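The block underneath contains the structure these notes are about, expressed in structure tokens.
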Amino acid sequence: MTNVPMIEVKNLMKYFDTPRGKLHAVDDVSFTIERGTTMGVVGESGCGKSTLGRTIIHLLESTGGQIFFNGENITRVNKKRLRKLRNEMQIIFQDPYSSLNPRMTVFETVREPLVRSKRCTKKELNGRVESIMTTVGLDERLWNSYPHELDGGRRQRIGIARAIALDPSFIVCDEPVSALDVSIQAQILNLMQDLQEEKGLTYMFITHDLSVVRHISTHICVMYLGQLVETCSSKELFMTPIHPYTKALLSAVPSTDIFHKRERILLRGELVSPINPKPGCRFATRCNHVFDKCHQPQILEEVSPGHFVSCCRANDINE
């Protein structure tokens, strides 16, 4: 079991019906997440990052493909198995305010998953909740507070406490720090890393902030309009990006090095519609290296050990 990836996704698809056709939110996505690691998923808003995470944990049902959890095929599961999976797979939502029930206190919010799962006796329940809240740094004086009485950082700590209450092994982190101030972001990221080390958690960290994903991720997937265009280790992605879209994203990251200014790559052209998209590279309309073969279906290929790129010109443009 130790050699089996925590998460394995094969050709996963999630389409939505629209009046004009099928919207390809996630289209033929494949990757693995090893246990105890953090897979970062980056890309522009609307590229399908959140939909991908929610489909993996069955908040949305997939249109096609396969999802494996600890080697078990969980693509289609019944309600009984899904209820058990909820104990093992959790999510931290992006908005630390709208994801909390305004009528429940901090203590009640963290206690709710334990009550629903019936994992604790009534005698053990309060002690367990107190332990979880202490772990995420919520002071005892805040336990009877309501979400509107707290700042964003404390609200996100509630979201994290709720996510770890059932001792899951895998957590989807859906832009958990994007709504927070920079100083609070650092506190939450450090808390998440401490919890990962302490509990051996596996994360899928969704964000559009490359500075954040570089800090926390072991590996990174770059998404563009529902498809993966590049995936490799975090270190290699920042040292040797290959796909033109990845290079454009990295060029937009602010740098503190005033002596070696990074060349900014500006993307021009129109976005391809994700509704019934034509075969071929979806980035072709904005790419400076486009040629005829780019309009044919692209495949995610290994260009160096552990480094996969979906670009027919990957070798040409990086020589």
Side-chain angles (χ1 to χ4, degrees), residues 1-9 12 26 29-43 47-57 59 67-71 88-94 96 135-137 156-157 159-164 166-180 182 184-223 228-241 246 249-250 253 305-308:
M1 180 63 76
T2 54
N3 295 325
V4 176
M6 175 70 73
I7 296 290
E8 185 175 8
V9 171
L12 188 64
V26 176
V29 169
S30 301
F31 61 84
T32 60
I33 307 177
E34 301 296 331
R35 62 188 69 252
T37 64
T38 299
M39 171 67 81
V41 181
V42 301
C47 72
K49 306 185 298 295
S50 296
T51 301
L52 174 62
R54 293 178 184 218
T55 303
I56 290 173
I57 65 172
L59 288 183
I67 307 165
F68 293 86
F69 177 67
N70 284 328
E88 304 173 75
M89 308 169 77
Q90 282 290 324
I91 184 169
I92 301 170
F93 292 98
Q94 177 178 358
T135 299
V136 300
Q156 196 57 286
R157 288 177 188 270
I160 294 172
R162 182 176 58 184
I164 68 170
L166 299 177
D167 290 323
S169 53
F170 174 65
I171 300 179
V172 173
C173 310
D174 188 5
E175 304 207 37
V177 297
S178 65
L180 306 177
V182 174
I184 306 300
Q185 283 186 12
Q187 294 176 21
I188 297 300
L189 290 173
N190 290 336
L191 170 62
M192 292 178 64
Q193 288 182 309
D194 290 343
L195 289 171
Q196 184 174 40
E197 292 178 13
E198 179 185 335
K199 298 177 178 293
L201 296 171
T202 303
Y203 291 145
M204 177 177 171
F205 196 94
I206 298 166
T207 183
H208 60 268
D209 191 330
L210 285 160
S211 300
V212 168
V213 82
R214 183 178 192 176
H215 175 71
I216 198 170
S217 298
T218 313
H219 288 77
I220 297 177
C221 291
V222 182
M223 283 192 75
L228 293 190
V229 296
E230 188 162 1
T231 178
C232 60
S233 69
S234 177
K235 183 178 180 180
E236 184 165 356
L237 188 85
F238 281 87
M239 288 182 62
T240 56
T246 306
L249 284 181
L250 292 176
V253 178
H307 196 150
F308 296 83

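In what follows, every heavy atom counts, from backbone to side chain, and hydrogens, waters and symmetry copies are set aside. Everything numeric here is computed off the predicted structure, so don't read it as measured data.
Closest approach of T231 and C221 over heavy atoms only: OG1-SG, 3.4 Å. Closest heavy-atom contact between I67 and T55: CD1-O, 3.6 Å. When all heavy atoms of P176 and I92 are compared, the closest pair comes out as CB-CG2, 3.9 Å. The minimum heavy-atom distance between K199 and I164, with the atom names listed, is CE-CD1, 4.1 Å. Residues S50 and D174 approach most closely at OG-OD1, 2.8 Å, considering heavy atoms. For S30 against L228, the heavy-atom pair with the smallest separation is O-CD1, 3.5 Å.
The closest side-chain heavy-atom distance from I216 to Q193 is below 4.5 Å. When side chains are defined from C-beta on, I206 does not count as touching Q94, because their heavy atoms never get closer than 4.5 Å. With a 4.5 Å cut-off on side-chain heavy atoms, N70 and F170 do not count as touching. Looking at heavy atoms from C-beta onward, T218 lies out of side-chain contact with E34 at the 4.5 angstrom threshold. For the pair L201 and M192, the minimum side-chain heavy-atom distance is 4.5 Å or more. Looking at S217 and Y203, their side chains never come closer than 4.5 Å, going by heavy atoms from C-beta outward.
Summarising the geometry, atom CD belonging to Q90 is positioned 10.5 Å from atom CG belonging to D167; distances are rounded to the nearest 0.5 Å. To the nearest 0.5 Å, atom CE of residue M204 and atom CE of residue M6 are 14.0 Å apart. In this structure, I160 CD1 and I188 CD1 are separated by 4.5 Å, a value rounded to the nearest 0.5 Å. Put simply, CG on D194 and CG on L189 are 11.0 Å apart, with the number rounded to the nearest 0.5 Å. The distance from the NE2 atom of H307 to the CG atom of L237 is 6.0 Å, given to the nearest 0.5 Å. Note that CZ of F69 and CD of E88 are 4.5 Å apart. Values are rounded to the nearest 0.5 Å.
S233 places no side-chain N or O within donor-acceptor distance of the main-chain N or O of H219, the cut-off being under 3.5 Å. Using a distance-only test at 3.5 Å, with no hydrogens or angles considered, a donor-acceptor pair links the side chain of K49 to the main chain of G43. Distance alone, capped at 3.5 Å, is enough to place a donor-acceptor pair between the Q185 side chain and the L180 backbone. The backbone N or O of V4 lies less than 3.5 Å from a partner atom in the side chain of R35, making a donor-acceptor pair.
Among T135, I184, L191, the single residue meeting the side chain to side chain contact (heavy atoms under 4.5 Å, CB included) criterion with R157 is L191. When the options L52, L12, V41 are evaluated for a side chain to side chain contact (heavy atoms under 4.5 Å, CB included) with F31, the one that passes is L52.
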Using side chain to side chain contact (heavy atoms under 4.5 Å, CB included), reason through H215 and F205 one step at a time and then give a plain yes or no. CA-CA 11 Å; H215 175 71; F205 196 94; over 6 Å; no
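Checked by atom type, the side-chain pair T38/Q196 shows a donor-acceptor distance below 3.5 Å.
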